[in-house]
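Each chain gets a letter, A, B and so on, in the order its sequence line appears, and its residues count up from 1.
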Number of protein chains: 2
Amino acid sequence: MSIEVIFGQQLRKIREERKLSQEELALRSKLDRTYISLLERGKRRPTLNTIFALAAQLDIAPSEIVRIVETIFRKNS
Amino acid sequence: MSIEVIFGQQLRKIREERKLSQEELALRSKLDRTYISLLERGKRRPTLNTIFALAAQLDIAPSEIVRIVETIFRKNS
DNA sequence: CTGTAGACTATCGTCGACG
DNA sequence: GCGTCGACGATAGTCTACA
C-alpha cells in the first residue's frame with residue numbers, strides 16, 4: 001500500500017474521531033474542502049507544511065500522524 | 001522560523017552526521033542533487049513521500065525527523 | 001456532508017550547465 | 001562537493017458547480 005493511501009485513511013480516521021466534517025477541517029486548516037477529500041482518498045501527497053496545518057486542527061502532533069503511517073507502511077511492505 | 005527552513009537545517013545536520021554528500025544522498029534516495037540543496041536551504045517544501053525517501057537513506061524514521069522539526073518549531077513560535 | 005470534474009495557479013522536483 | 005540559474009514537466013492545492 002502506498003504512503004499517500006495510508007495517510008489518507010488515517011487522516012479520515014482521526015478526523016472522524018474528532019467528529020469534524022471535511023468542511024470544518026478545511027475551514028480551520030485553511031485548505032480547500034475538495035482537497036481534503038482528495039487527500040483522504042489517497043489522490044494527493046501532502047507537503048510537510050500541509051501535514052502541520054492539518055495536525056494542528058486535529059489535536060495531534062504531526063510526528064504522531066507520520067509515526068502511525070510509517071508503522072502501517074512497514075507492515076504492508 | 002518557518003517549517004521548511006527548520007526541516008532544511010535538520011536535514012543537513014543529519015546528512016552530515018552520516019558523512020554523506022548531497023550527491024550520495026540524492027543518488028540513493030532517487031532525488032536530484034540540486035533539489036537536496038534547495039531543501040537544505042529551506043527553498044522547497046518536501047511532500048510526505050519525499051520525507052520517507054530521504055529518511056530511509058539516513059537510517060532514521062520519518063516520524064523522528066518530523067518530531068525534531070516540530071519540537072524546534074514550537075520553541076521558535 | 002462528500003465525491004467528482006474541469007480549469008486554473010502555484011509550487012514540487014528534474015535536468016544541464018557554470019563557477 | 002556545493003550554490004545557483006533558467007527552463008521545464010509533473011503535481012500540489014484552489015475554486016465553481018453539480019449530483
Check your understanding: Quick one: side chain to side chain donor-acceptor pair (under 3.5 Å) partners of Ser29(A), sequence neighbours excluded?
Key -> none
Atom [atom1] of [X] and atom [atom2] of [N]: how far apart are they, to the nearest Å?
X        : N       : atom1 : atom2 : value
Arg44(A) : dA10(C) : CZ    : C1'   : 13 Å
Gln22(A) : dT14(D) : CD    : P     : 14 Å
Glu40(B) : dT4(D)  : CD    : P     : 12 Å
Leu20(A) : dT2(C)  : CG    : P     : 10 Å
Leu48(B) : dT11(D) : CG    : P     : 16 Å
Leu54(B) : dC12(C) : CG    : C1'   : 13 Å
Arg45(B) : dA10(C) : CZ    : P     : 14 Å
Glu23(A) : dG3(C)  : CD    : C1'   : 13 Å

Point to revise | Qualifying residue, where the test is side chain to side chain donor-acceptor pair (under 3.5 Å) with Glu40(B) and the options are Gln9(B), Arg15(B), Gln10(B) | key: Arg15(B)
Check your understanding: Quick check: does any side chain N or O of Arg18(B) sit under 3.5 Å from a backbone N or O of Leu58(B), one acting as donor and the other as acceptor?
Key -> yes
Review point. With respect to the phosphate group of dG13(D), does any side-chain polar atom (N or O) of Thr47(A) fall under 4.0 Å of OP1 or OP2?
Key: yes
Practice item. Check whether any side-chain nitrogen or oxygen of Thr50(A) sits under 4.0 Å from OP1 or OP2 of dA12(D), and answer yes or no. Key: no
Practice item. Using a 4.5 Å cut-off on heavy atoms from C-beta on, say whether the side chain of Leu48(B) contacts that of Arg45(A). Key: no
Review point. How about Ile14(B) and Leu54(B): do any of their side-chain heavy atoms sit closer than 4.5 Å?
Key: no
[X] to [Y] - nearest heavy-atom pair and separation:
X        : Y        : value
Ala55(B) : Ala61(B) : CB-C, 4.2 Å
Ile6(B)  : Phe73(B) : CD1-CA, 3.7 Å
Asn76(A) : Met1(A)  : ND2-CE, 3.5 Å

Practice item. Nearest-nucleotide wise, let me know which of Leu39(A) and Arg41(B) is further upstream toward the 5' end of DNA chain D. Key: Arg41(B)
Check your understanding: Can you list the residues that meet the salt bridge (charged side-chain N to carboxylate O under 4.0 Å, His left out) rule with Glu24(A), with sequence neighbours excluded?
Key -> Arg28(A)
Check your understanding: What residues in residues 3-19 of chain B put a non-hydrogen atom under 4.0 Å from any atom of DNA chain D?
Key -> Arg12(B), Arg15(B)
Check your understanding: Contacts to DNA chain D from residues 56-69 of chain A, heavy-atom cutoff under 4.0 Å, which residues?
Key -> none
Review point. Can Ser37(B) and Thr34(B) be counted as having a side-chain donor-acceptor contact under 3.5 angstrom?
Key: no
Study note, to complete from the structure: Within residues 25-38 of chain A, the residues having a heavy atom closer than 4.0 Å to DNA chain C are Arg33(A), Thr34(A), Ser37(A)
Please list, one pair per line, the donor and acceptor atoms closer than 3.5 Å that link side chains of residues 63-71 of chain B to other protein atoms, with sequence neighbours excluded.
| unit_1 | atom_1 | unit_2 | atom_2 | d |
| --- | --- | --- | --- | --- |
| Ser63(B) | OG | Glu70(A) | OE1 | 3.2 |
| Ser63(B) | OG | Glu70(A) | OE2 | 2.9 |
| Glu64(B) | OE1 | Arg67(B) | NE | 3.1 |
| Glu64(B) | OE2 | Arg67(B) | NH2 | 2.9 |
| Glu70(B) | OE1 | Ser63(A) | N | 3.0 |
| Glu70(B) | OE1 | Ser63(A) | OG | 3.2 |
| Glu70(B) | OE2 | Ser63(A) | OG | 2.9 |
| Thr71(B) | OG1 | Arg67(B) | O | 2.8 |

